[in-house]
Number of protein chains: 2
Amino acid sequence: MTERRPYRRESEESRREALILAALELVAEGGLEAATVRSIADRAGVTPGLIRHYFSGKEDLTRAAYRHMMEQMTADNVAVLETAPDCPLARLTAFVTASLTPPVMQPLRLAIWAGFLQLVRSDAAMRAVHEQTYLGYRDILENLIAALPRPASDAARCRSDAIACNAVIDGLWMEGSALPDNFASGELVAIGLHAIGAILGVTLAGAPPAPAAPPPTGAGPNGESA
Amino acid sequence: MTERRPYRRESEESRREALILAALELVAEGGLEAATVRSIADRAGVTPGLIRHYFSGKEDLTRAAYRHMMEQMTADNVAVLETAPDCPLARLTAFVTASLTPPVMQPLRLAIWAGFLQLVRSDAAMRAVHEQTYLGYRDILENLIAALPRPASDAARCRSDAIACNAVIDGLWMEGSALPDNFASGELVAIGLHAIGAILGVTLAGAPPAPAAPPPTGAGPNGESA
DNA sequence: CGAGGAATTACACAACCGTATAACAACAGG
DNA sequence: CCTGTTGTTATACGGTTGTGTAATTCCTCG
């Protein structure tokens with residue numbers, strides 16, 4: 001006669017979050033295929049059956065995890081705007097800098113993002129999440145650009161500029177995450193600020209707000225500070 | 001008594017290529033997890049056991065498929081330079097345009113690229129292929145930039161400019177592939193040329209060489225023209 | 001303090017995965 | 001035409017996957 005494992009009842013919210021975080025960790029470490037129901041449950045400290053109690057299936061959990069990461073990534077990026085000064089140039093600089101430094105720019109996040117991308121293509125619900133997050137990010141960028149003191153600020157021009165600047169950020173984010181050893185510290189931020197400044201016709205001073213601050217140790221795949 | 005399936009003997013080269021193409025198609029359609037030995041063999045018109053006759057295992061086939069796609073992608077992009085005129089501006093314009101139009105910019109290619117990215121992180125051999133392809137592409141771009149008639153063409157400046165322009169291309173390539181419905185035809189090319197022109201301080205005429213040419217029908221995931 | 005209900009575990013099951021191996025058949029050389 | 005080689009198929013096996021279901025235990029409420 002084997003003894004049944006003891007357990008504690010917990011709130012639906014904390015259980016769901018624990019399962020989502022476990023899934024994200026596993027995707028970051030070994031790709032989507034490493035995030036099986038058994039490994040997720042094991043890392044979350046529960047048994048596999050519990051997943052189907054809080055999610056209708058593995059696909060449901062996967063969608064929730066993807067939405068969680070995308071929202072937190074945008075939130076991390078937007079957070080810097082709340083403590084940024086009123087000067088439009090400084091706000092844009094802070095936003096771009098945040099996009100190209102941890103915790104937003106992290107190899108693990110690229111791994112998660114890429115791992116989910118295949119689902120974005122095939123699953124309509126996940127594509128909606130992706131589209132909403134992407135357009136939301138670009139909208140913030142477009143507003144920052146529209147607030148700049150520039151001679152001509154056409155509406156269509158602001159859209160094009162936002163797409164271009166977003167591409168610069170995405171491209172640098174991707175390359176810096178995929179090949180972190182090929183770039184010096186702060187190099188990508190300087191390049192990004194210079195390129196975006198050239199596109200917009202303004203000068204973005206690349207004064208680092210925090211001089212070479214390393215990422216917090218022991219952070220999870222989303223850089224959440226516990 | 002069931003009848004045994006008839007078959008034809010074929011060369012090692014054609015069999016290997018058929019298996020690689022089948023694997024790429026499946027990764028493009030349903031991600032890495034869709035490319036099982038059975039589905040690959042089925043699409044290639046053979047039985048699963050044959051895979052292990054031409055490859056030491058599934059991992060071996062996966063590596064070969066990744067290398068095949070990366071090499072063909074670079075080749076497609078470089079091909080336009082052979083028929084481009086001598087004018088440095090026109091050559092850069094053609095190169096950027098090719099990077100942001102089919103067959104290089106294709107949703108299926110982004111899917112394949114993302115599907116393999118997790119292996120790039122964990123497998124040293126695949127990371128080497130990735131790094132070599134990326135740096136090779138950027139090197140071509142850097143040479144095109146260095147050839148431009150510009151006032152100051154510092155070596156370090158050329159490197160920074162190449163990284164920035166590469167980021168623009170990568171970002172637009174990614175966004176255009178992930179959300180193809182959100183951009184008008186030719187919009188990404190125009191934005192890319194304008195942004196890169198602004199970064200480099202030159203004017204890139206966005207004269208479309210082929211007016212609204214649709215991608216070739218029935219092309220495989222690599223756009224190979226049979 | 002006792003009972004109801006729900007959170008959690010435990011177990012079972014069919015389907016699928018990659019791999020190994022033996023049997024067969026298509027083609028080449030005599 | 002026949003025989004040997006080997007490309008190819010067929011089949012089997014252990015392991016893993018996602019899911020369905022019953023049993024159990026924790027907690028709340030009366």
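Side-chain atoms are counted along with the backbone in the values below, which use heavy atoms only and exclude waters and symmetry mates. Throughout, a chain's letter reflects where its sequence line sits, starting with A, and its residues are numbered from 1.
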Can you measure Glu12(A) atom CD to dT8(C) atom C1' for me and round it to whole angstrom units?
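Computing the Glu12(A):CD to dT8(C):C1' distance gives 14 Å.
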Rounded distance in Å - CD (Glu3(A)) to C1' (dT8(C)):
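Checked: the CD to C1' distance equals 17 Å.
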List in numerical order all residues of residues 31-43 of chain B for which some heavy atom is under 4.0 Å away from an atom belonging to DNA chain C.
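Those residues whose heavy atoms fall under 4.0 Å from DNA chain C, taken from residues 31-43 of chain B in numerical order, are Thr36(B), Val37(B), Arg38(B).
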For the backbone of [Y] and the side chain of [X], can you confirm whether one donor and one acceptor N or O come within less than 3.5 Å of each other?
X         : Y         : answer
Arg15(B)  : Tyr54(B)  : no
Gln106(B) : Pro103(B) : yes
Ser39(A)  : Thr36(A)  : yes

Set of residues satisfying ring pair (Phe, Tyr, Trp, His ring centres under 6.0 Å) with respect to Phe95(A), sequence neighbours excluded
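With neighbours one apart ignored, the set is Tyr137(A).
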Report the residues that fulfil ring pair (Phe, Tyr, Trp, His ring centres under 6.0 Å) with Tyr134(A), sequence neighbours left out, ordered by chain and then residue number.
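Counting only residues at least two positions away or on another chain, Tyr134(A) forms no ring pair (Phe, Tyr, Trp, His ring centres under 6.0 Å).
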Residues in side chain to side chain contact (heavy atoms under 4.5 Å, CB included) contact with [X], at least two apart in sequence or another chain:
X        : answer
Ser14(B) : Glu10(B), Ser11(B)
Glu59(B) : Arg63(B), Asp123(B)
Ala34(A) : none

All N/O pairs under 3.5 Å across the protein-nucleotides 28-30 of chain C interface:
none

Check each residue of residues 45-60 of chain B for a non-hydrogen atom within less than 4.0 Å of any atom in DNA chain D, then write out the ones that pass by number, or none.
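Hits under 4.0 Å, by residue number: Val46(B), Thr47(B), Gly49(B), Leu50(B), His53(B), Tyr54(B).
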Only pairs under 3.5 Å count here: list side-chain donor-acceptor contacts from residues 162-173 of chain B, not counting sequence neighbours, and write none if there are none.
{"from": "Trp173(B)", "atom 1": "NE1", "to": "Val104(B)", "atom 2": "O", "distance (Å)": "3.2"}

List the atom of Arg91(B), the atom of Ala84(B), and the distance in Å for their closest heavy-atom pair.
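For Arg91(B) and Ala84(B), the tightest heavy-atom pair comes out as NH1-O, 4.0 Å.
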Looking only at heavy atoms, which two atoms of Leu188(B) and Gly176(B) are closest? And how far apart?
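In this case the closest contact between Leu188(B) and Gly176(B) is CD1-CA, 3.4 Å.
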Just the table, please: protein N/O against nucleotides 25-27 of chain D N/O, every pair under 3.5 Å.
{"from": "dT25(D)", "atom 1": "O2", "to": "Tyr7(A)", "atom 2": "OH", "distance (Å)": "2.7"}
{"from": "dC26(D)", "atom 1": "O2", "to": "Arg9(A)", "atom 2": "NE", "distance (Å)": "3.0"}
{"from": "dC26(D)", "atom 1": "O2", "to": "Arg9(A)", "atom 2": "NH2", "distance (Å)": "2.6"}

Give me each pair satisfying salt bridge (Lys or Arg N to Asp or Glu O under 4.0 Å) with a member in residues 176-194 of chain B, each pair once, sequence neighbours excluded.
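Salt bridge (Lys or Arg N to Asp or Glu O under 4.0 Å) check on residues 176-194 of chain B returns Arg159(A)-Glu187(B).
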Could you give all pairs that pass the salt bridge (Lys or Arg N to Asp or Glu O under 4.0 Å) test and reach residues 30-56 of chain B, with sequence neighbours left out?
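Of all non-adjacent pairs touching residues 30-56 of chain B, those that pass salt bridge (Lys or Arg N to Asp or Glu O under 4.0 Å) are Glu25(B)-Arg43(B), Glu29(B)-Arg43(B).
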